[in-house]
Amino acid sequence: MSNAVATDVQVAPNMNGSPRNASEAVAKSLKRRYAAEKRFRAYGLVAIIFAALCLAILLVTIVGKGYSAFTQTMIRLDITLYPQDIDPDGTRDPDVLSTANYQKLVKQAVQDLFPEVTNRRERRHLQEIISPGATYHIRDAVLEDTSLIGQRLVIEVPVSDDLDQFNKGFISGDVPEVERRVSDKQIAWFNRLKDRGVIISTFNTTLFTAGDSREPELAGIWGAVVGSFFTMAVTLLLSFPLAVGAAVYLEEFAPKNRWTDLIEVNINNLAAVPSIVFGLLGLAVFINFFGLPRSAPVVGGMVLALMTLPTIIIAARAALKAVPPSIREGAFGIGASPIQVVTHHVLPLAMPGILTGTIIGMAQALGETAPLLMIGMVAFIVDIPGGPLDPSTVLPVQIYLWSDAPERAFEERASAAIMVLLGFLIMMNAIAVVLRKRFERRW
Amino acid sequence: MQTAILAVTLAVLTIIGFYMGRSRSVSVAAGNLRRLHSLPGYYGYYVALWCGIPAFAVLATWLSLETTIVETLVIASLPETTQALPESRLNLLINDIRNLASGNIVSREVDPELQAAAERYQSLRQTGFLAAAAVTLSLAIAGLAWGRRLIGPGLKARNQVETVVRVFLIVSSTIAILTTIGIVLSLLFEAIRFFALVSPLEFLFGLKWSPQTALRADQVGSSGLFGAIPLFSGTLLISFIAMCVAGPAGLLSAVYMSEYAHPRMRAVAKPILEILAGIPTVVYGFFAALTVAPFFRNTGAGVGLEISSESALAAGVVMGIMIIPFVSSISDDVITAVPQAMREGSYGLGATRSETIRQVIIPAALPGIVGGFLLAMSRAIGETMIVVMAAGLAANLTVNPFEAVTTVTVQIVTLLIGDQEFDSAKTLAAFALGLMLFCVTLCLNVIALHVVNKYREQYE
Amino acid sequence: MADSTPQAMPQEAAPISEPPPAAEPLKTSTDSGNGAVKFASRKVCVYYGEKQALFDVDLDVLKNKVTALIGPSGCGKSTYLRCLNRMNDTIPICRVTGEISLDGVDIHSKAVDVVHLRARVGMVFQKPNPFPKSIYDNIAYGPRIHGIASSKGELDDIVQSSLEKAGLLKEVHDRLQEPGTGLSGGQQQRLCIARAVAVEPEVILMDEPCSALDPIATARIEELIDELRENYTIVIVTHSMQQAARVSQRTGFFHLGELVEFGETEQIFTNPQDERTQGYITGRFG
């Protein structure tokens with residue numbers, strides 16, 4: 001062997017004889033290579049900065065579009081509540097009070113703002129500066145305090161969404177009149193009202209207390225939030241026990257055979273099935289086959305539960321796997337049954353991990369939209385749902401509906417709804433992070 | 001509401017069962033708990049199970065069958081002429097009866113016949129509920145009594161309770177399989193009905209998609225064309241654009257994070273990617289439709305390019321941004337799985353970091369990276385909200401990213417939103433598209449998972 | 001250099017299977033004289049975070065000699081080895097102080113580039129770590145990145161001769177395009193040696209190169225080390241005292257991060273000055 005090497009060394013003498021050549025070649029290449037190194041490093045940095053920039057732009061545009069939705073332009077109206085209009089018989093019967101013609105009172109009050117407007121068309125035009133919702137404000141005030149009847153009431157009611165947008169500066173007066181949604185006249189009136197000091201900006205409570213509406217200034221996310229809550233409740237009630245059960249079985253009891261392999265393959269594949277397919281499943285099975293009601297949170301919850309199951313199962317299995325076998329052996333050693341070992345020892349230790357996975361799965365479900373469109377949760381629903389069987393919508397679907405609407409004011413509200421949704425998601429993820437930090441254990 | 005009260009009553013009975021069972025076992029033991037086979041709690045669970053399981057099972061069965069049974073009975077009571085109506089008209093009628101019964105607005109004149117049917121519907125439901133309540137409550141009480149009777153020192157309560165728990169565990173583990181079967185069957189069933197109306201060849205290879213069918217025979221135009229090629233091409237175009245954004249950005253950021261980044265840098269960059277991953281798709285859709293698309297259109301107009309406001313480019317780019325964290329996390333996984341020895345070997349020869357990454361680590365991690373890209377691709381294909389909000393509805397057969405294209409998912413949503421009768425080709429087409437989507441993503445996932453697993457085994 | 005090889009070879013081949021002849025290493029050592037110091041280290045300390053792993057190591061590696069570093073595991077011998085081509089730079093928490101000079105130039109000075117240094121000081125690792133590429137590409141990797149070969153033919157020559165030098169050519173000449181990971185453990189390690197040789201380094205560091213190999217493959221590698229000594233300076237870390245005795249001319253004994261004793265292999269094994277060395281060599285601990 002050694003001879004062979006020796007001969008070879010003679011065969012290629014220049015290589016061994018001139019290590020300096022190689023060294024020089026290396027030295028010569030250094031400049032070029034370090035430039036390449038720097039370039040490559042820069043690519044990586046650019047990629048990360050690109051991602052960060054995208055996130056920043058996304059958040060900035062959403063906040064920029066949506067922050068104005070938290071305020072609402074109101075007008076202070078001076079209304080005389082004539083008893084003959086509201087309660088001619090003086091019964092103070094709530095039925096009578098709630099069906100009275102408040103519209104007339106509002107019209108009168110608006111007319112009184114500009115008595116000089118007499119032209120019929122212009123008068124109608126003038127009425128458009130007030131939101132159609134103003135009558136409800138007055139009705140609610142009267143129902144709350146019947147002693148107001150017959151008195152003068154100074155009340156703040158929302159202006160129309162277009163003037164609201166104008167006041168917030170999103171509609172410019174410089175654009176030709178035909179290209180904007182408020183006329184020169186309305187702007188003139190509005191500016192005069194402003195000078196009189198009856199135009200004010202208040203916090204937009206409607207946004208957080210109302211259901212959906214055709215009028216942006218009357219629309220709120222509360223209906224969608226309640227719908228989301230019921231949907232999530234159903235999802236959690238179904239997916240958590242099932243997922244934990246499945247994870248415990250697969251991790252602690254299941255024999256290793258074809259059947260369990262099949263289950264495992266299934267879980268992994270389900271985790272990657274497009275969410276819209278789950279929507280189709282819900283439509284075909286839950287609604288058409290079992291005849292469950294359309295648009296109901298219970299169906300949405302069931303669909304989302306099926307969708308989040310794989311996520312939670314995978315997380316729960318990882319958490320169970322992390323519990324060291326010594327704990328199980330110790331419990332078996334003192335005569336505990338397999339179920340007791342799991343329920344008394346393994347599950348409590350794995351619970352933080354399982355809960356973290358569950359919260360992350362629920363956060364995913366909370367943001368999910370597509371499958372809910374399939375099962376009719378996209379309907380226009382004004383009422384606040386009272387239970388999981390009532391038709392309702394959810395927050396992400398509400399965002400979808402509003403961002404599709406033509407009014408600029410809905411776009412603003414969609415952004416606000418996104419902020420609320422992201423707020424919920426951040427909260428859930430923060431809880432998950434805290435849980436993980438708090439209970440993280442190194443065995 | 002009634003159902004909720006019934007369910008709560010049953011739950012309370014079950015809890016009572018638990019306590020009764022427990023106290024019964026203690027009294028049977030007569031002060032010496034060691035005489036019992038199991039701990040008293042297990043006797044409690046035993047009775048509770050006897051009480052709850054049959055009752056809740058009956059309740060669930062009733063709830064799932066209630067609508068079908070009641071409706072069948074109501075239809076049977078209608079005049080024969082009405083019964084002979086085509087299915088779609090009958091469905092509308094039932095809908096009206098249901099609405100009338102629950103006091104909602106009805107789409108037609110309320111005639112006495114309808115009124116009678118609605119009353120009948122209401123009374124049937126009420127009777128049905130009362131019957132169900134009676135049956136479930138008596139079952140619960142009977143179960144409670146029976147379970148309590150069985151309690152004796154020799155009863156192996158723990159084993160029996162544990163058997164039930166085991167059965168529950170096994171059943172929950174099969175949910176995944178049931179879901180898959182449910183998906184396949186429901187898609188397949190409706191798709192077959194669709195293919196009875198439209199030939200599969202036309203669907204798979206047809207070049208024209210316009211699903212609007214005439215409602216009445218005498219209407220002109222719109223006979224409904226179901227050639228899905230424009231949808232496939234649109235989907236691929238948008239997914240391709242998305243991968244062009246997410247592929248390099250995701251891979252390079254993963255490389256940077258795992259090979260270069262200072263821990264402090266990582267502590268900042270990782271959460272950024274995680275936040276990107278956690279943002280709901282509807283938010284991306286909003287961003288694409290209302291920010292990115294107008295921006296592209298205006299920029300295009302500025303340089304003299306005509307970019308549609310529903311361009312494939314906007315949807316694709318935003319979808320790409322959405323997938324960056326996905327690609328990056330998978331790439332990160334596979335890159336860290338490359339053994340440290342590879343890096344050392346390369347550094348030991350005097351390679352720079354980038355040489356090591358490009359010539360050793362990435363080739364070594366290539367199968368994993370390819371698998372990750374396939375998974376990302378499958379995600380892009382199945383993504384719905386971004387394209388629904390930002391891509392078009394018109395089925396253009398084009399590869400120009402500045403034009404509007406439509407995708408499979410967009411069409412599924414459009415076809416199924418709103419009221420529609422359940423046997424028109426238009427509605428069924430959505431399920432055929434869903435089947436295609438499911439098959440394609442399933443294939444991609446299976447291949448990708450196989451590749452990734454193979455790759456992991458290589459270094460384990 | 002080439003003309004010294006034929007004379008040296010037969011003499012050096014002998015010690016591989018037998019204990020080293022007493023006089024030989026001493027003689028070689030005196031021959032090489034003081035001017036042939038390749039690596040000189042003074043007061044080298046290494047810290048992993050807060051923990052100090054090496055304490056004031058002073059050690060001279062002589063040119064064209066095999067220097068063995070021995071000691072119980074965790075004694076810092078590998079850490080010291082990795083200082084010599086600054087492989088410790090790749091560990092973020094690792095900090096090196098003191099002075100190490102290669103041919104009189106401090107390797108931590110600005111003038112020395114780490115890439116250049118590693119090209120001059122090659123390394124072979126404990127576990128064979130061929131890249132998941134073909135045998136040919138494994139060996140061509142170094143010359144390619146460093147731009148050593150100017151043509152395809154030259155690269156072919158380098159691959160051939162490197163394989164030849166690592167004694168692997170005969171076994172693999174007909175399957176150069178097959179993956180390097182398909183070879184046996186011993187062959188993989190020789191492939192890694194060939195890979196290091198292909199860059200034409202001046203020094204080759206070997207970190208327990210035989211610990212993952214069976215005795216026959218080990219003997220083959222030891223033979224190879226002895227052959228390579230003619231053209232390269234070799235520093236080898238081993239936990240096998242027999243191996244150190246067989247292949248090295250000079251030996252350093254590390255214990256708990258200190259260089260306890262350093263000298264001619266013969267002297268260390270027959271007449272250790274420090275009782276810790278004695279204890280280790282006679283098998284009282286380790």
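Hydrogens, waters and symmetry mates are skipped; everything else that's a heavy atom, side chains included, is used. Naming convention: chains lettered A, B, ... in sequence-line order (proteins, then strands); numbering from 1 in each chain.
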### Message
Given heavy-atom pairs under 4.5 angstrom as the criterion, report whether the side chain, backbone, both or neither of A:Ala363 touches chain B.
### Response
neither
### Query
If you round to the nearest 0.5 Å, how far is CZ of A:Phe286 from CG of A:Leu281?
5.5 Å
## Note on the structure
Among A:Leu422, A:Asn269, A:Leu59, A:Ile399, the residue with the most heavy-atom pairs under 4.5 Å to chain B is A:Asn269
### Message
Please classify the contact of A:Pro338 with chain B as side chain, backbone, both or neither, using a heavy-atom distance under 4.5 Å.
### Response
side chain
#### Entry: A:Leu421 portion near chain B, given a 4.5 angstrom heavy-atom threshold
side chain
### Message
If I take atom CG from residue B:Leu435 and atom CD1 from residue B:Ile412, how far apart are they, to the nearest 0.5 angstrom?
### Response
10.0 Å
#### Entry: Toward chain B, the part of A:Leu242 with a non-hydrogen atom under 4.5 Å
both
### Query
If you tally heavy-atom pairs under 4.5 Å against chain A, which of B:Ala448, B:Gly382, B:Pro280, B:Ser354 wins?
B:Ser354
### Task
Using non-hydrogen atoms and a 4.5 Å limit, figure out which bit of B:Val388 sits close to chain A: side chain, backbone, both or neither.
side chain
## Note on the structure
Listed by number, the residues in residues 304-314 of chain A that come under 4.5 Å of chain B (heavy atom to heavy atom) are A:Leu306, A:Leu309
### Task
Check step by step if side-chain contact (heavy atoms from CB on, under 4.5 Å) holds for A:Leu280 and B:Phe438.
CA-CA 11 Å; A:Leu280 290 172; B:Phe438 180 73; over 6 Å; no
### Task
Identify which of A:Glu252, A:Gln364, A:Lys65, A:Glu368 forms the greatest number of heavy-atom pairs closer than 4.5 Å to chain B.
A:Lys65
#### Entry: Beyond-backbone contact of A:Val277 with B:Leu187, side-chain heavy atoms, under 4.5 angstrom
yes
### Task
To the nearest 0.5 Å, tell me how far A:Leu373 CG sits from A:Ile276 CD1.
7.5 Å
### Query
Counting only N and O atoms by type, is there a donor-acceptor contact under 3.5 Å from the side chain of B:Ser253 to the main-chain atoms of A:Ala47?
no
### Query
Can you say whether B:Val171 sits under 4.5 Å from chain A via the side chain, the backbone, both, or neither, judging by heavy atoms?
neither
### Query
Hey, are the side chains of A:Val299 and A:Met377 touching, using non-hydrogen atoms and a 4.5 Å cut-off?
no
### Query
CD of A:Glu411 to CZ of A:Arg413: how many Å apart, nearest 0.5 Å?
12.0 Å
### Message
For the backbone of A:Leu262 and the side chain of A:Asn266, can you confirm whether one donor and one acceptor N or O come within less than 3.5 Å of each other?
### Response
yes
#### Entry: B:Ile321, part contacting chain A, at a heavy-atom distance under 4.5 Å
side chain
### Message
Which atoms of B:Val255 are under 4.5 Å from chain A, going by heavy atoms: the side chain, the backbone, both sets, or neither?
### Response
side chain
### Approximate separation, where rounding is to 0.5 Å, of A:Ile375 CD1 and A:Asn288 CG
12.0 Å
### Message
Show the nearest heavy-atom pair for residues B:Ala269 and B:Met257, with the distance to one decimal.
### Response
CB-SD, 3.4 Å
### Query
How long is the span from the CZ atom in B:Phe286 to the OG1 atom in A:Thr61, to the nearest 0.5 Å?
7.5 Å
### Message
For B:Leu178, which atoms come within 4.5 Å of any heavy atom of chain A: side chain, backbone, both, or neither?
### Response
neither
### Task
Under 4.5 Å, counting heavy-atom pairs only, tell me which of A:Ile49, A:Val244, A:Ile57, A:Val46 racks up the most with chain B.
A:Ile57
### Message
I want to check something: taking the side chain as every heavy atom from C-beta on, are A:Ile360 and A:Asn429 in contact at a cut-off of under 4.5 Å?
### Response
yes
### Query
Given that the side chain runs from C-beta out, which part of B:Leu273 has a heavy atom under 4.5 Å from chain A: side chain, backbone, both or neither?
side chain
### Side-chain heavy-atom pair B:Ser328, B:Tyr256 within 4.5 angstrom cut-off
no
### Task
Could you look at A:Tyr400 and say if it's the side chain, the backbone, both or neither that has a heavy atom under 4.5 Å from chain B?
both
### Any A:Trp259 side-chain heavy atom under 4.5 Å of A:Ile263 side chain
yes
### Summary
From the list A:Ala52, A:Ala414, A:Ser337, the residue making the most non-hydrogen contacts under 4.5 Å with chain B is A:Ser337
### Query
Side chain, backbone, both or neither: which part of B:Ile175 has a non-hydrogen atom closer than 4.5 Å to chain A?
side chain
### Message
So for B:Ala288, is it side chain, backbone, both, or neither that comes closer than 4.5 Å to the heavy atoms of chain A?
### Response
neither
### Task
Sort A:Phe278 into side chain, backbone, both or neither according to what part of it lies under 4.5 angstrom from a heavy atom of chain B.
side chain
## Note on the structure
Honestly, the part of B:Ile177 sitting under 4.5 Å from a heavy atom of chain A is both
### Task
Report yes if some heavy atom in the side chain of B:Arg379 is under 4.5 Å from a heavy atom in the side chain of B:Thr441; otherwise report no.
no
### Task
Please look at A:Tyr43 and chain B and tell me whether the side chain, the backbone, both or neither of the residue comes under 4.5 angstrom of a heavy atom of that chain.
both
### Summary
Whatever's closer than 4.5 Å to a heavy atom in chain B on A:Leu55 counts as both
### Query
When you check the gap from the basic side-chain N to the acidic O, do B:Glu274 and B:Lys270 get nearer than 4.0 Å?
no
### Summary
Heaviest contributor of heavy-atom pairs below 4.5 Å to chain A, chosen from B:Glu383, B:Met385, B:Met389, is B:Met385
### Message
At a 4.5 Å cut-off on heavy atoms, which part of B:Tyr42 comes close to chain A: side chain, backbone, both, or neither?
### Response
side chain
#### Entry: Under 4.5 Å from any heavy atom of chain B - which part of A:Ser415
both
### Task
In sequence, state the C-alpha distance, the side-chain angles, and the governing distance for A:Asp404 and A:Phe410, and then conclude on side-chain contact (heavy atoms from CB on, under 4.5 Å).
CA-CA 8 Å; A:Asp404 242 16; A:Phe410 270 129; over 6 Å; no
